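As structure tokens, the structure follows; a few thoughts come after it.
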Amino acid sequence: MNAPAGQIILFLYCILTALLTENMEFFSLLSVIAIVLSIILSSFSYFSSNKYFTLVSSGIYIIVSLVFSGFTIMFPLILYNSAAFPGWHMFAVLTASVVSLISNIHETGYWLCCIIFLGIVFACYIQYIQYKLNRLIFQFNKTRDDSTEHAILLESRNRSLLEKQDYEIYNATLKERNRIAREIHDNVGHLLSRSILLTGAIKAVNKDDNCKEPLNNLHEALDQAMTSIRESVHNLHNESVNLKESIEKIINNFNFCNINFTYDIGTEIPREIKLSFISIVKEGLNNIYKHSNATDASILLREHPAMYQLVIKDNGTTAKNTDAREYMLESISNSGIGINNISSRVSLLNGSLQIHTNNGFCIFITIPKT
């Protein structure tokens with residue numbers, strides 16, 4: 001689409017040319033018609049930006065100017081829009097305009113024809129400048145869009161690398177905790193166990209009353225140390241549990257149906273929630289295996305700003321058209337059933353449990369963050 005500033009400049013140029021001429025024919029009704037017609041055609045060409053309409057209308061206008069010489073005064077405005085479409089069509093229109101000027105040179109005058117021709121050249125130059133400007137704007141926008149796209153891509157890759165790095169650090173930390181727990185259990189734990197056994201044997205064969213109380217204190221201290229070591233190893237082991245890897249291992253060992261697993265939780269997860277989610281997933285898959293005829297199931301673990309979410313869903317039809325509330329109450333009232341175990345674990349974490357049976361069987365659990 002052409003800029004209206006160029007058309008306005010050329011319109012003023014044509015009017016000024018008409019005012020400077022001494023030939024009164026250009027102030028006749030024919031000249032007014034030529035001016036109005038050129039404005040209409042130029043406006044249509046500007047708003048439609050249609051190549052064929054612009055070239056055809058310009059050609060018709062030039063043909064009319066062969067009969068009515070007064071139309072030549074508006075050539076710069078008419079040919080401005082034609083110059084926006086380079087090619088043999090445009091050169092044909094420009095050639096026709098020059099032929100029209102030459103054929104009307106006796107009526108319009110030599111100097112006026114020269115001024116009109118200069119106006120045509122000026123119109124083509126303005127259109128050329130506009131074309132170069134549009135290309136620069138297009139290249140600038142393309143460069144800016146490419147730069148923005150590359151920046152977004154780099155930001156996304158950096159974010160992925162940081163997330164991967166954080167996960168690798170987290171995974172390495174868990175493995176190191178497991179290694180420390182094994183070292184403590186295998187080395188220090190065995191030494192303490194051996195010391196406790198030796199102390200017990202010495203107590204059994206001891207006949208000296210003076211050594212009885214020190215041996216009892218030593219045995220008690222070793223028992224306390226052993227208890228403390230066991231608790232430390234147990235805590236280290238529980239804190240080193242990788243929730244994602246643990247659930248993936250459970251899913252890999254489940255061959256009853258296909259499972260789609262979605263994991264969207266950060267690395268800082270409370271130990272109680274990790275252990276509960278692992279147990280709940282085991283119970284949920286066990287229920288699918290025992291009570292469902294599902295062919296597909298899904299497990300969703302997602303972290304929200306204020307809560308953790310666990311959804312276990314299958315496409316089974318065994319619970320279809322069953323009232324979810326009644327099913328849940330009946331299941332909870334029967335001890336030993338998986339739903340009862342799941343409900344108990346969720347209650348200990350102050351969470352909520354919902355069951356849906358509209359489209360398959362769905363366990364929806366939310367645990368608030370503390």
Side-chain angles (χ1 to χ4, degrees), residues 174 178 230-231 233-266 268-304 306-370:
L174 297 186
N178 269 325
R230 285 172 179 169
E231 291 177 352
V233 170
H234 183 72
N235 290 335
L236 275 174
H237 177 71
N238 288 341
E239 290 177 359
S240 63
V241 172
N242 190 315
L243 179 59
K244 183 179 180 181
E245 290 184 356
S246 299
I247 294 180
E248 285 178 344
K249 187 179 296 184
I250 296 171
I251 293 173
N252 292 334
N253 294 328
F254 187 79
N255 300 318
F256 179 73
C257 66
N258 179 54
I259 297 179
N260 181 27
F261 180 45
T262 303
Y263 186 89
D264 185 18
I265 296 182
E268 299 298 328
I269 312 169
R271 181 185 61 185
E272 296 79 7
I273 294 179
K274 287 195 292 186
L275 298 177
S276 296
F277 277 176
I278 292 171
S279 300
I280 290 171
V281 169
K282 288 180 179 178
E283 292 286 358
L285 295 182
N286 188 47
N287 282 344
I288 293 175
Y289 177 77
K290 289 183 177 180
H291 307 294
S292 176
N293 60 348
T295 58
D296 286 292
S298 63
I299 298 175
L300 169 66
L301 275 167
R302 179 161 291 160
E303 181 179 1
H304 297 277
M307 65 180 180
Y308 296 99
Q309 183 183 57
L310 170 60
V311 181
I312 304 174
K313 185 177 180 181
D314 64 71
N315 63 348
T317 59
T318 53
K320 190 176 181 180
N321 298 325
T322 303
D323 185 83
R325 181 178 176 82
E326 292 181 1
Y327 181 87
M328 183 174 175
L329 292 174
E330 181 180 355
S331 298
I332 292 176
S333 64
N334 297 324
S335 59
I337 296 181
I339 295 295
N340 186 22
N341 296 333
I342 293 174
S343 178
S344 299
R345 293 182 182 278
V346 173
S347 297
L348 289 175
L349 297 173
N350 298 319
S352 64
L353 168 65
Q354 298 179 20
I355 293 178
H356 305 284
T357 58
N358 296 332
N359 298 312
F361 189 78
C362 177
I363 298 174
F364 190 94
I365 297 170
T366 56
I367 305 297
K369 291 184 178 180
T370 56

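All values reported here derive from a predicted model rather than from experimental measurement. Reckoned from all heavy atoms, side chains included, excluding hydrogens, waters and symmetry mates.
- The nearest pair of heavy atoms linking Asn359 to Lys313 is O-CE, 3.5 Å.
- Neither side chain, Ser292 nor Asn287, offers a donor N or O lying under 3.5 Å from an acceptor on the other.
- Listed for the Asn286 side chain is no donor-acceptor partner under 3.5 Å among the backbone atoms of Lys282.
- Within the 4.5 Å cutoff, the side chain of Phe361 has heavy atoms near those of the Ile355 side chain.
- Listed for the Lys369 side chain is a donor-acceptor partner under 3.5 Å among the backbone atoms of His304.
- We find the OG-CG distance between Ser343 and Leu348 to be 9.5 Å, quoted to the nearest 0.5 Å.
- Between Leu243 and Ile273, the closest side-chain pair of non-hydrogen atoms is not below 4.5 Å.
- Phe254 and Leu285 get closest at one heavy-atom pair: CE1-O, 3.3 Å.
- One distance of note links CZ of Phe261 with CG of Leu300; it measures 9.0 Å at 0.5 Å rounding.
- When every heavy atom of Ile280 is checked against every heavy atom of Ile342, the shortest pair comes out as CG2-CG2, 4.0 Å.
- The shortest heavy-atom contact between Pro270 and Tyr308 is CD-OH, 3.6 Å.
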Could you walk me through whether Tyr263 and Ile247 satisfy the side chain to side chain contact (heavy atoms under 4.5 Å, CB included) test, starting with their C-alpha distance in whole Å, then the side-chain angles of each, then the deciding distance to 0.1 Å, before giving a yes or no?
CA-CA 10 Å; Tyr263 186 89; Ile247 294 180; 5.5 Å; no
Working for side chain to side chain contact (heavy atoms under 4.5 Å, CB included), residues Cys362 and Val311
CA-CA 7 Å; Cys362 177; Val311 181; 3.7 Å; yes
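- With rounding to the nearest 0.5 Å, the separation of CG in Leu310 from CD1 in Ile278 is 11.5 Å.
- Here CZ of Phe364 is found 7.5 Å from OG of Ser352. Values are rounded to the nearest 0.5 Å.
- With sequence neighbours left out, the side chain to side chain contact (heavy atoms under 4.5 Å, CB included) criterion links Lys249 to Asn253.
- To the nearest 0.5 Å, the span separating CD on Gln354 from OG1 on Thr366 amounts to 7.0 Å.
- Considering all non-hydrogen atoms of both residues, Ala294 and Cys257 come closest at O-CB, 3.7 Å.
- For the pair Leu349/Ser276, a side-chain contact is recorded, criterion being any heavy-atom separation below 4.5 Å from C-beta on.
- Asn258 is linked by a side chain to side chain contact (heavy atoms under 4.5 Å, CB included) to Asp296, counting only residues two or more places apart in sequence or in another chain.
- In this structure, OG1 on Thr295 lies 3.5 Å from CG on Asn315, to the nearest 0.5 angstrom.
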